[in-house]
> 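The structure's right below; bear with me while I get my questions together.
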Amino acid sequence: MPETAEAATAAQPFANERPVTPEVVREHNLNELEYERIVAMLGRTPTLTELGVFSALWSEHCSYKHSKPILKQFPTEGPQVVQGPGENAGVLRLPDGWAVAFKVESHNHPSAVEPYQGAATGVGGILRDVFTMGARPVAVLNSLRFGPLDVPRNRYLFAGVVRGVGDYGNCVGVPTLGGEVGFAEGYTGNPLVNAMCVGLLREKDLIRARAEGVSNVLLVVGARTGRDGIHGASFASEELSEKSEARRPQVQVGDPFTEKLLLEASLELITSGMIVAIQDMGAAGLTSSSAEMAARGGVGVEIDTSLVPTREEGMTPYEILLSESQERMLVVAEPARVGAIKAICEKWELTATPIGHITDDGIFRVKHAGLVVAAIPGQRLVEDCPIYEPDARESDDVRRLRDASPPASPIEPREALERLLDAPNIASKRWVYEQYDSTVQASTLLGPGGDAGVIRVPGTEFGLAMTIDCNARLLALDPYEGGKAAVAEAARNIACTGARPLGITDCLNFGNPEKPEVFFQFREACRGISEACVAFETPVTGGNVSFYNESPTGAVYPTPTIGMVGLLDHADRRVPSHFASAGDTLVVLGATRGVLGGSAYWAELLDFVGGAPAPVDLSAEHALQELLVAAARDRLLQSAHDCAEGGLAVAIAEAAIGGPYAAGSLGATLDLRAYTEGLDVTALLFGEDGARAVVSCRPDALDRLKTLAARVRVPAFVAGEVGEAGGPLSIRVGTTALEWDTAALRRIYYDAIPRRMRGDADRS
Amino acid sequence: MTFRVHVRVMPRAGLLDPQGQAVEHALGSLGFAGTQQVRIGRAIELELDAATADDAAGRARQMCDRLLANPVTEDYELEVEAR
Amino acid sequence: MTFRVHVRVMPRAGLLDPQGQAVEHALGSLGFAGTQQVRIGRAIELELDAATADDAAGRARQMCDRLLANPVTEDYELEVEAR
Amino acid sequence: MQRVAIIRFPGSNCDEDALRAAARAGTDAYYVWHRDTDLKGADVVVIPGGFSYGDYLRAGAIARFSPALSAVQRHAAEGGPVLGICNGFQILCEAHLLPGALMRNAGLSFVSKPVDVTVENTRTAFTAGYAPGTRLRLPVAHGDGRFVADPETLARLEGEGLVVLRYARAEDANPNGSMHDIAGISNPEGNVVGIMPHPERAAEPALGSEDGAPFFTAMAVPAPTGTAATSTAGTP
Ligand SMILES: Nc1ncnc2c1ncn2[C@@H]1O[C@H](COP(=O)(O)OP(=O)(O)O)[C@@H](O)[C@H]1O
Ligand SMILES: [Mg+2]
């Protein structure tokens with residue numbers, strides 16, 4: 001053990017490494033303030049290796065330096081919370097000793113450069129986050145955004161991302177239970193790829209990524225380390241530009257086969273009780289996993305990079321520390337267990353290699369074949385990154401847009417509905433989810449294509465519902481209301497299946513936070529999300545911030561995707577989204593005021609993104625959730641579908657069109673004349689007020705449904721009834737009677753995306 | 001004139017090639033000891049009309065750059081053969 | 001001596017090659033008119049030690065027969081190169 | 001109780017589903033790791049779906065060389081029933097326990113959806129519980145499911161009635177471009193069966209369908225003459 005503080009933190013340059021100059025510091029995306037702080041912390045100039053370590057851990061991605069104070073406001077507690085933010089995934093309590101671990105992560109920039117591998121490795125990373133908690137992944141979801149599909153390159157990105165997401169999850173054997181896809185101009189240069197994973201564990205088997213026990217051993221388990229994705233974390237923390245093409249780190253290639261072995265080996269290691277802690281090597285690889293595990297445990301670590309199995313010869317400690325090679329884990333264990341750990345890994349055809357140990361001096365120390373190349377006070381390395389609170393100012397353009405409205409332009413409602421169902425933002429995403437195995441693990445009760453995915457938990461009564469949602473257009477116009485709306489939509493989707501919302505994880509995709517108008521969006525969106533989570537008692541259990549989603553064509557819409565899970569006490573009482581049988585009574589739940597601000601109607605049909613979105617009434621939303629859950633519990637509902645993009649008309653049409661594998665559509669007859677007297681037909685049909693759902697019930701259940709609705713003060717309007725197979729959809733509103741052929745609507749809805757994807761994709 | 005072009009598109013050196021790894025391992029356990037550096041890519045064959053072999057190669061190279069190979073992850077080589 | 005072997009495994013003539021068709025179509029719409037007979041298979045590269053090139057080729061052929069190509073659907077060709 | 005061995009390869013991922021369905025049908029189902037050569041007294045063998053060895057090179061190509069598969073080959077040669085589901089079917093073809101091959105789907109994409117199939121051959125060790133011509137709805141989930149064989153093999157499969165499942169022709173249900181809409185076949189003895197759809201994902205009321213359950217209930221019934229399957233064999 002070193003005698004003095006100086007000795008403890010002495011480090012030498014490795015071989016012929018470059019001296020640290022201001023230029024080198026800039027290349028590492030560290031500003032002057034940050035560099036000064038590093039020098040002060042070390043009392044000397046850092047070595048290049050150390051600079052690399054700081055650059056990774058002080059990147060936005062790892063340090064949350066622009067977001068920490070804002071994220072603090074999120075509600076994170078509740079009786080159901082087993083593990084809040086701060087670990088690899090959040091964990092919520094379920095009945096019978098079970099718990100659910102879940103988390104969402106972005107992989108936007110890697111996917112912009114290489115859509116297939118970028119998306120695939122995104123799925124790989126989120127799976128690892130969940131199984132390092134000791135949970136078996138039981139479902140994945142994905143939230144995607146691209147530029148419009150009439151651009152060949154966007155089709156190329158879309159197709160590549162979907163294939164990447166699918167190939168990875170399919171191979172590992174985790175069903176994709178849902179997701180969302182959106183298209184808008186702002187995503188053209190910067191697509192968004194967010195992947196979410198949900199895992200199940202026995203609460204007693206939970207393991208945290210906390211290194212403990214001086215002289216315990218650190219082992220690398222899994223794939224060899226190559227030169228992939230070096231500096232991925234800082235790459236994710238800058239805007240995309242021509243330059244990033246050149247600076248592009250070696251692309252990370254996913255190996256889902258090794259992931260599957262790693263999953264089985266990790267779970268076996270955890271349940272055997274043989275290890276102290278485990279963490280996946282995600283962004284910033286070995287550096288962040290070892291430094292963060294040590295900091296959480298309040299200990300130091302010493303690793304020797306020359307012991308790490310590499311894929312290529314001659315890798316430097318710098319490269320080994322910062323490599324983002326996939327499918328690797330870092331494990332902490334007592335020395336006496338190393339043999340047994342190796343044996344378990346060997347059974348799964350993996351290697352486990354000791355590369356260092358825990359120390360009591362709190363130093364993050366790296367050696368390479370004995371030479372100390374980095375020695376940094378560990379706690380400060382992880383925690384002392386400067387925190388910024390940038391200026392926030394709403395852009396004047398947005399304020400003006402909110403007050404604007406489109407030029408009046410009469411679109412006949414019949415045609416409007418058809419065109420909305422043909423818009424890729426609203427049309428069925430079957431082209432996507434058919435490429436994802438949604439039934440492996442033989443537990444899928446409601447797969448993609450409805451409001452939320454539902455799985456059963458074998459051996460129990462209960463089920464788990466899950467969704468991921470965000471209507472970014474609303475946030476672009478009003479980030480505060482839009483943030484609330486994203487949580488509200490997720491909760492509505494969950495409640496429509498009959499499940500009670502339990503908690504959320506979020507993936508906050510924004511532009512450059514150093515721009516006041518972007519930081520304003522971020523701050524306001526988070527405020528909205530927080531308020532909604534408080535109102536719904538759905539704490540935030542973790543998430544991910546992805547800034548710098550900008551390209552030369554501008555920033556993306558503020559897109560905080562909300563991943564939510566819910567509990568269905570009785571899995572067999574789940575409620576589907578589509579109408580079930582002719583003669584059922586149709587009820588519209590909730591009130592309609594006909595707000596067209598931010599609506600799909602204006603955006604898709606009039607090419608106008610503007611107006612003020614409907615303010616979110618959190619108590620009305622909460623009441624609706626309670627009603628849906630209670631009605632499902634009492635088995636009153638035949639179907640339930642929430643109203644979101646496209647409003648009431650789209651919700652009714654989608655329910656009538658039927659699920660992707662139904663024999664066909666069902667007709668419906670509605671009379672809405674008494675629902676909202678005096679309201680303009682367009683506003684009534686296509687307005688996007690929240691807190692509404694279209695449900696159907698057996699006629700003899702109607703009275704009980706109305707009683708429940710009255711109890712929680714949710715307006716329940718009896719609108720009509722479900723018709724025959726293939727029958728028409730007829731709606732009477734105001735003085736008009738509208739009619740559509742549901743078989744034709746079904747064709748439009750399911751063919752909209754395949755039709756566009758028949759056009760060729762082009763990389764350039 | 002018609003030319004036949006053989007293109008070999010391989011994962012770029014240094015990039016992980018899980019497929020090659022798996023095959024290398026399998027060959028080992030089938031008794032083909034000492035097989036190394038297994039890498040797996042795509043073989044593409046096509047025919048095109050061009051005035052000269054050089055012309056044909058030029059066209060084929062354009063095809064590779066635009067469609068047949070992924071410049072981010074793959075390298076390619078091609079051979080042209082008169083038919 | 002170490003040899004490098006290049007193996008080309010192609011779908012058997014007469015069998016549907018949807019990937020080849022898709023690429024042919026895509027090349028057409030990228031403006032590469034007149035490209036025909038596109039077929040897509042696997043390119044495998046490996047290194048092995050053998051006394052002579054013939055030896056190396058023989059070993060490689062065994063690998064193909066046993067593992068690298070599926071005799072029901074694929075044909076293969078190989079080239080051996082001294083390193 | 002009938003003993004059902006579920007072979008697990010690195011990369012298998014429908015092993016638990018198959019085990020659960022077999023156990024539910026009243027069998028004594030257990031795993032056999034791919035490195036084992038002992039099937040531990042199995043009456044029936046199931047090769048489950050998944051991505052053995054990542055499906056690298058070709059689906060099933062590497063798995064067929066595993067030690068457990070030699071044991072399966074012996075079991076099959078002695079007339080013991082073997083069911084390959086999805087990746088299991090691919091492995092059986094690669095191992096030449098069944099003819100033909102499974103190639104990349106004609107649409108080039110992975111396909112996950114329920115499909116309608118008809119049971120064409122009820123004289124196998126796994127389909128005796130169905131009436132001939134029964135229409136089933138079963139999930140498929142595969143990227144390499146296009147059944148291909150040379151014309152003579154196809155003629156033989158058809159002539160001897162060895163097609164076990166066929167994608168419902170009238171509905172255009174063929175999800176992968178398989179020749180003759182073939183979704184599953186058996187060997188002439190009827191003891192080795194390979195199918196692309198996943199009956200284990202539709203084998204209990206809680207999942208909304210029991211269409212696939214008879215594949216597993218068949219496993220629970222001891223073969224009448226001691227050696228399995230001989231009594232259910234079709235024309236040799
Ligand atoms: N990327 C995707 N992956 C899997 N399923 C998806 C994806 N995108 C959409 N879906 C599914 O399609 C259905 C409709 O999604 P969405 O348009 O977001 O509807 P809603 O507005 O009701 O949330 C949902 O069941 C959803 O899970
Ligand atoms: Mg949604």
Side-chain angles (χ1 to χ4, degrees), chain A residues 110-118 120-121 124 152-153 156-157 160 163-164 167-168 171 222-230 244-246 248-262 310-315 319 323-328 349-351 760-764, chain B residues 5-50 55-78:
Chain A
S111 306
V113 172
E114 214 315 277
Y116 178 83
Q117 293 296 350
T121 52
R153 170 150 176 104
Y156 164 76
L157 291 172
R163 210 158 47 81
D167 281 359
Y168 205 100
C171 183
R224 289 174 170 270
T225 298
R227 290 192 171 95
D228 342 357
I230 289 170
S244 35
E245 282 288 301
R248 182 172 59 215
Q250 275 262 31
V251 173
Q252 307 156 25
V253 172
D255 178 3
F257 170 59
T258 297
E259 178 95 342
K260 167 70 171 162
L261 301 178
L262 198 55
T310 56
R311 214 166 62 223
E312 293 173 71
E313 276 168 33
M315 286 183 68
E319 291 171 325
S323 159
E324 295 192 354
S325 288
Q326 300 289 298
E327 292 94 21
R328 299 177 302 160
E349 321 222 322
L350 297 171
T351 52
D760 283 301
D762 190 353
R763 201 163 53 212
S764 43
Chain B
V5 183
H6 298 281
V7 186
R8 189 162 58 210
V9 182
M10 300 302 289
R12 178 156 299 169
L15 278 192
L16 177 69
D17 175 16
Q19 196 166 198
Q21 254 178 11
V23 169
E24 185 167 319
H25 187 81
L27 286 171
S29 42
L30 282 180
F32 296 102
T35 316
Q36 298 161 38
Q37 309 281 355
V38 181
R39 294 188 75 77
I40 302 193
R42 278 192 311 284
I44 305 172
E45 267 180 35
L46 50 88
E47 287 184 10
L48 51 78
D49 293 330
D55 254 27
R59 291 269 299 294
R61 219 163 281 126
Q62 281 178 5
M63 292 178 193
C64 288
D65 292 337
R66 290 208 55 194
L67 181 75
L68 302 179
N70 181 340
V72 183
T73 55
E74 296 171 328
D75 292 317
Y76 65 87
E77 279 174 39
L78 47 86

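Throughout, a chain's letter reflects where its sequence line sits, starting with A, and its residues are numbered from 1.
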> Distance check, rounded to the nearest 0.5 Å: A:Arg224 atom CZ versus B:Leu16 atom CG?
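Going from CZ on A:Arg224 over to CG on B:Leu16, the span is 11.5 Å.
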
> Where does A:Glu349 contact chain B at under 4.5 Å (heavy atoms): side chain, backbone, both or neither?
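For A:Glu349, the side chain is the part near chain B, not the backbone.
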
> Could you grab the distance from atom CG of B:Leu15 to atom CZ of A:Arg227, nearest 0.5 Å is fine?
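Here the interatomic distance stands at 12.0 Å.
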
> How far does OG1 of B:Thr73 sit from CD of A:Glu114, to the nearest 0.5 angstrom?
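Going from the OG1 atom of B:Thr73 to the CD atom of A:Glu114 covers 5.0 Å.
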
> Supply the atom-to-atom distance B:Gln21 CD to A:Arg311 CZ, rounded to the nearest 0.5 angstrom.
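B:Gln21 CD to A:Arg311 CZ: 7.5 Å, rounded to 0.5 Å.
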
> Is the closest side-chain heavy-atom distance between B:Pro18 and A:Val253 below 4.5 Å?
yes

> By a 4.5 Å heavy-atom criterion (distance strictly below it), what part of B:Asn70 contacts chain A: side chain, backbone, both, or neither?
both

